[in-house]
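Below is one structure, written out as structure tokens; the observations come after it.
Order of the sequence lines fixes the chain letters, A, B, ..., with proteins taken first and strands second; residue numbering starts at 1 for each chain.
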2 protein chains.
Amino acid sequence: MTLGWEEIRAEVLRRIRVRDWPPGALIPGEEALAEEFGVARATVNRALTALAEAGVIERKKRAGTRVAALPVRRARLEIPVIRLDVLGRGLAYDFRLMADRQVPAPVPVAARLGLPEGQPMRYLETLHLAGGLPFVLETRWLNPAVLPDPPPDFAAVSANEWLVTHVSLVSGDIAFTAEPATPREAEVMGVAPGTPLLVAERTTQGMAGPVTLVRLAHAPGHRVVMTF
Amino acid sequence: MTLGWEEIRAEVLRRIRVRDWPPGALIPGEEALAEEFGVARATVNRALTALAEAGVIERKKRAGTRVAALPVRRARLEIPVIRLDVLGRGLAYDFRLMADRQVPAPVPVAARLGLPEGQPMRYLETLHLAGGLPFVLETRWLNPAVLPDPPPDFAAVSANEWLVTHVSLVSGDIAFTAEPATPREAEVMGVAPGTPLLVAERTTQGMAGPVTLVRLAHAPGHRVVMTF
DNA sequence: AAGTGGTCTAGACCACTCG
DNA sequence: GAGTGGTCTAGACCACTTT
């Protein structure tokens, strides 16, 4: 039986787990492992690189490879388009464009996106429905500079989906908080004001500058699940 | 100037962003790209593998490499030990063990961990403090089978930290929800009952079976931030 | 049947950093 | 200065999937 890089990764992981190589310990160099397993050093390198990406080991030139002392667990969140998220739950998807205005950017919005205060922006409110029930209320500030002329019809394609397919998003961040439903959210989603909602706030940067700031207020009971 | 795999990754990414290669399009094969860039095929492979892991492209044998039609954005969450999380925010860390009992597993807890109902479990309540103020209330069900004899003193080292350093955690999941503060949480954290709290619920499996089910109720205003 | 990505090898050079 | 990981090459074989 010949060994592949995944088997070597598994074996190294096993030795770490059974504490042959305890947290903080220096493990043998690539050359030594390659010889032990009877493979090329590149194969060992592939395995160790994968473990380093997973946060299990820490590698430094000259210093060698150590088992992470306080393993930082990394969980990955896949952020799908809302339509696919709903369909993936086995529910029918629909959405309603509740508001669509051109307004000057309020101070906090402009600040978070790095745009001048008062800059004209597109304000969109979209209610996403799952199985006919409110699923997410999307409140979006959109930099109109990224839109083509004429702009797309966000009543036909949700802004969420249009952006993903038509604008090259470069970087961004997402923050989760628990917040009481605002009066507007309560009204639109049919819950009592103050009901705890899971809110995701995302900012996104494109190649030509800031693209959008969006607040997603999820219906009560919504769970964001990640595995690691 | 000679090209490395990161530069090739950047160039491919650029062509995707400027829509030389639009979503859904088939991009040239590794061999062709290697020739164009004047590098070995392995170098191109390294670059494309990285892009595939990032969800930018989709690769299939025989079918070739396509630009992802609906790019699934992937965000990574690093879950540090709570103590380091607090210190990283520039605040002093402390914790108080509020409860420590041996009790039979309630049905929902046993079910989620895959343990028999009524199994004796260690129940721990730990309040983590940041700058002297409540930061997180940790409610933990712990499978005593993973503990050594004699068991550690969780009043001296928080269960959160002891587990990370002493038990080999294999897999798990984490779910975020927004929930109203329970009366107990309200009392301990000094907030009004029903206040929206960001709750993280984690289950963890070790090599020798289920390890722990923990509920982390974060103080109001807590933000979980991820970048992508 | 054929073409694609996935992987491995043996060798090499380099950058970094620790002692 | 020397040893480590990071990367590249040229070639090869294989598994898979689509045609």
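Between the His218(B) side chain and the Leu198(B) main chain, a donor and an acceptor come within less than 3.5 Å of each other. For Arg202(B) (side chain) and Ile174(B) (main-chain N/O), no donor-acceptor pair under 3.5 Å exists by modelled atom type. A donor-acceptor pair under 3.5 Å links the side-chain atoms of Thr212(A) to the main chain of Trp141(A), judged by distance alone.
Atoms CZ (Phe37(B)) and P (dC8(D)) sit 13 Å apart, rounded to a whole Å. Per the geometry, NZ belonging to Lys61(B) stands 11 Å off P belonging to dG5(C), to the nearest Å. The separation between Ile27(A) atom CD1 and dG3(D) atom C1' is 16 Å, rounded to whole Å. A straight line from CD of Glu30(A) to P of dT7(D) spans 11 Å, rounded to a whole angstrom. Across the protein-nucleic acid pair, Trp5(B) atom CH2 and dA15(C) atom C1' stand 16 Å apart, rounded to whole Å. For the pair Glu35(A) CD and dC8(C) P, the computed distance is 19 Å after rounding to whole Å. Atoms CG (Leu33(A)) and P (dT4(D)) sit 11 Å apart, rounded to a whole Å. Atom P of nucleotide dT4(D) and atom CD1 of Ile57(A) are separated by 15 Å, given to the nearest angstrom.
For dG5(C), neither phosphate oxygen OP1 nor OP2 lies less than 4.0 angstrom from any side-chain nitrogen or oxygen of Asn45(B). Taking only side-chain nitrogens and oxygens, Arg59(A) comes nearer than 4.0 Å to OP1 or OP2 of dG6(D). Side-chain N/O atoms of Thr43(A) include one lying less than 4.0 angstrom from OP1 or OP2 on dT9(C). For dT7(D), the OP1/OP2 oxygens have a side-chain nitrogen or oxygen of Arg46(B) closer than 4.0 Å. Between Thr49(B) and dG5(C) there is no side-chain polar atom (N or O) within less than 4.0 angstrom of OP1 or OP2. A sub-4.0 Å separation between OP1 or OP2 of dG5(C) and a side-chain N or O of Thr65(B) is present.
Comparing Arg62(A) and Ala40(A) against DNA chain C, the residue whose closest nucleotide sits nearer the 5' end is Ala40(A). Of the residues near DNA chain D, Lys60(A) and Ala63(B), the one whose nearest nucleotide (by heavy atom distance) lies more toward the 5' end is Lys60(A).
Using a 4.5 Å heavy-atom cutoff, the side chains of Leu13(B) and Val56(B) are in contact. Contact annotation: the side chain of Val67(B) never approaches that of Pro22(B) to less than 4.5 Å [non-hydrogen atoms, C-beta and beyond].
A donor and an acceptor atom never sit less than 3.5 Å apart when one is taken from the side chain of Arg41(B) and the other from the base of dT4(C).
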